[in-house]
Number of protein chains: 2
Amino acid sequence: MTSAAGDNAFNVTLAVEHAGTLTAIEETVRAYSAPFGYDRFVLFSATAARDEVVERIYWVEGDWFDDGECVDADTYIRRCPMTHHILEAKEPFFWTKTQGKKGEQYRVVRAPRGDGIHGLQIPVFGPLGLEGAMSLGGERINASSTVRLALTLVATAAFCAARRLLEAPVAEMSSQLSNREKEVLAWIAAGRRQADIAATLGLSQRTVENHLRRIRQRLGATTTAQAIRIAVHRGDIER
Amino acid sequence: MTSAAGDNAFNVTLAVEHAGTLTAIEETVRAYSAPFGYDRFVLFSATAARDEVVERIYWVEGDWFDDGECVDADTYIRRCPMTHHILEAKEPFFWTKTQGKKGEQYRVVRAPRGDGIHGLQIPVFGPLGLEGAMSLGGERINASSTVRLALTLVATAAFCAARRLLEAPVAEMSSQLSNREKEVLAWIAAGRRQADIAATLGLSQRTVENHLRRIRQRLGATTTAQAIRIAVHRGDIER
DNA sequence: GTACGTATGAGGGTTATACCTCAATCCGCT
DNA sequence: AGCGGATTGAGGTATAACCCTCATACGTAC
């Protein structure tokens, strides 16, 4: 069984990568994970730059809240506290829902057991951190390390494939900063304000503003502060 | 002569460090540099965070513009373009003023020669970059490497001593960030806005704002962007 | 007990930055 | 010639950050 999970995972992952429709992705993942007890799925794009972690839900399926009903996207977002836990996660984690004195509680666990819903949450990271996640749930799930690794492979491929299919291709922009852009960003990192940089360089403040916008786009940063951290990391500006 | 410059420099530097008044600093520096042809002086605190480099002039003396008059502080600031060059300087540099077709021009040179005023500009750097500078000028100056090094020693000590004497002591605040402060700054560096961080941490936005102010004070930063660069450099947050 | 530092919160207000979108010029390359 | 990228600039507007100052509560050390 464990050997089958590992052997087959690569084929499944490749199949997902080459899937031509979201439906094909769903079917492939569903078929692969069903033998391990997973019959609930949610796949979404995410970002750490906003408090609402979930940007877009690509796929949600199954009775997630054990109330006999398949859940819709909005309900899932509002009710599942495990989603929020992704902000602190560095790797996939199992969670379990227990019925305690204070009502239902979700906990991160190593080995989910007992009645109720359990799940595996798999964050997908990219160059700028969190990009998305997949969550798989069930009542009697195989939570072995092999299955965890296999599902991580498959889920990551599913996320990337879904994103490829569903997100409009963004016109490629070079991520390489021009010399002028580096210069402007270095001044910002030195504590200068836009107006002062403009005066120093003999530009309009609007130009400095536009350079910074361009810089953020190139680096995929939400804020200029983030852009500085990224640029330092890449060696574009000095620490 | 060169050996005398080097041997005596340390004594002079120590004397400057222990000087009890700005007058004593001036007298010591003046006496030391006169044999090398320097008879014009300006000592000032500076910052790279503003386009007006000069923050405060501690000492200005001599006929800086060769018009037979000792210059006052405001005139020096307005007329000397070499001051601005400090923003790009990483080390002390000699400059010379030439009379060209377009009027008088200042140039950075390795060996000042010819008629007119020459000088040595010595930036003083600290943990956050440029903190001040001293400029020494004359018409026939000794621009040897030994004198340059010696004067750098003395001038740096002069700047620090003058600052100690003239700037009001600021109540010492620990520069060590608290855990909460590090946490808040890490979120900023990850691209989160203050309002979002507040929601994530369960605080008021005003509290986040206050943490950031505290962070900037501790790190001696003018802007939050600068604080991020400093914190990355110090290892307080991850790159 | 007192003093200090951290954490939290805010009144009242100003400044700076950022968003969306458009545009022109110059240069290098095909 | 056309095209793309870098550089520069902006209209109109909204959002976010920041400033100065004040305050309370809690924990720790002396």
Side-chain angles (χ1 to χ4, degrees), chain A residues 47 49-52 168-231 236, chain B residues 47 49-52 168-231 236:
Chain A
T47 173
R50 242 176 293 279
D51 200 39
E52 307 89 38
V170 178
E172 286 287 315
M173 174 188 286
S174 165
S175 69
Q176 183 78 8
L177 298 185
S178 71
N179 288 334
R180 194 57 140 174
E181 286 161 354
K182 287 179 189 170
E183 187 177 19
V184 168
L185 195 60
W187 277 123
I188 291 281
R192 298 289 284 275
R193 299 182 191 281
Q194 294 178 3
D196 294 331
I197 296 166
T200 294
L201 301 181
L203 309 176
S204 151
Q205 184 180 333
R206 301 307 305 271
T207 301
V208 173
E209 200 178 298
N210 287 321
H211 280 313
L212 288 168
R213 184 179 303 108
R214 196 82 168 158
I215 288 165
R216 291 194 296 275
Q217 286 168 353
R218 288 198 199 282
L219 300 181
T222 304
T223 64
T224 299
Q226 188 186 16
I228 286 173
R229 180 177 62 86
I230 293 164
D236 283 336
Chain B
T47 175
R50 244 178 292 279
D51 199 38
E52 308 89 35
V170 178
E172 286 288 316
M173 173 188 287
S174 166
S175 68
Q176 183 78 5
L177 297 185
S178 71
N179 288 335
R180 195 56 142 176
E181 285 160 356
K182 287 178 190 171
E183 188 177 18
V184 169
L185 194 60
W187 278 123
I188 291 281
R192 299 290 285 276
R193 299 182 191 279
Q194 293 178 6
D196 294 331
I197 297 166
T200 295
L201 301 180
L203 308 176
S204 151
Q205 184 179 336
R206 301 307 303 270
T207 300
V208 173
E209 200 180 296
N210 286 321
H211 280 312
L212 289 169
R213 184 178 304 111
R214 196 83 168 157
I215 288 164
R216 292 194 295 274
Q217 287 168 352
R218 288 198 197 282
L219 300 182
T222 303
T223 64
T224 299
Q226 188 186 16
I228 286 173
R229 179 176 62 85
I230 293 164
D236 283 335

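Below, each value reflects all heavy atoms present in this structure, side chains not excepted, and no hydrogens, waters or symmetry copies. Numbers restart at 1 for each chain; the letters A, B, ... are given by sequence-line order, proteins then strands.
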N/O donor-acceptor pair under 3.5 Å between A:Q226 side chain and B:A189 backbone: no
Tell me the interatomic distance from A:E209, atom CD, to C:dT21, atom C1', rounded to whole angstroms. 13 Å
To the nearest angstrom, how far is A:Q194 atom CD from C:dT17 atom C1'? 5 Å
In a check of side-chain contact (heavy atoms from CB on, under 4.5 Å) between A:R216 and each of A:T224, A:I230, A:T222, which one passes? A:T224
Protein-nucleotide distance (A:Q176, atom CD; D:dT7, atom P), rounded to Å: 12 Å
Spacing between B:I197 atom CD1 and D:dA16 atom C1', to the nearest angstrom: 12 Å
Between D:dC18, D:dT21, C:dA18, spot the one nearest the side chain of A:R216, thanks. C:dA18
If you assign each of A:L212 and B:E181 to its closest nucleotide in DNA chain C, which residue comes earlier from the 5' end? B:E181
What are the two closest heavy atoms between B:R218 and B:Q176, and how far apart are they? CD-O, 3.2 Å
Looking for any heavy atom pair under 4.0 Å, which part of the strands does A:T223 touch: base, sugar-phosphate only, or nothing? nothing
Polar side-chain contact A:R206-D:dG12 base: donor and acceptor under 3.5 Å: yes
For the atom pair CD1 (A:I228) and CD1 (B:I228), what is the distance rounded to the nearest 0.5 Å? 6.0 Å
Applying a 4.0 Å non-hydrogen cut-off, can you work out what B:S204 is touching in the nucleic acid: base, sugar-phosphate, or nothing? sugar-phosphate
How close or far is atom P of C:dT17 from atom CD of B:Q226, stated in whole angstroms? 13 Å
Heavy-atom donor-acceptor pair, A:N179 side-chain to D:dA6 base, under 3.5 Å: no
Could you state the atom-to-atom distance from CZ of A:R218 to C1' of D:dG4 in whole Å? 12 Å
State whether A:H211 places a side-chain N or O below 4.0 Å from either non-bridging phosphate oxygen (OP1 or OP2) of D:dT7. no
Side chain of A:L203 only, heavy atoms from C-beta on: which candidate in D:dG9, C:dT6, D:dA6 is closest? D:dG9
Given D:dG9, C:dA18, C:dT8, which nucleotide is nearest the side-chain atoms of A:T224? C:dA18
Find out whether A:T207 and A:V184 are in side-chain contact, i.e. whether some heavy atom of one side chain is under 4.5 Å from a heavy atom of the other. no
Which part of the nucleic acid, if any, lies within contact of A:R213, taking any heavy atom under 4.0 Å across all strands shown: a base, the sugar-phosphate backbone alone, or nothing? base
Pick base, sugar-phosphate or nothing for A:Q205, based on heavy-atom distances below 4.0 Å to the nucleic acid. base
What is the nucleic acid contact for A:T207, judged by heavy atoms within less than 4.0 Å: base, sugar-phosphate only, or nothing? base
Whole-Å distance separating the CG atom of B:N210 from the C1' atom of C:dT6: 12 Å
Whole-Å gap separating C1' (D:dA6) and CD (A:Q217): 14 Å
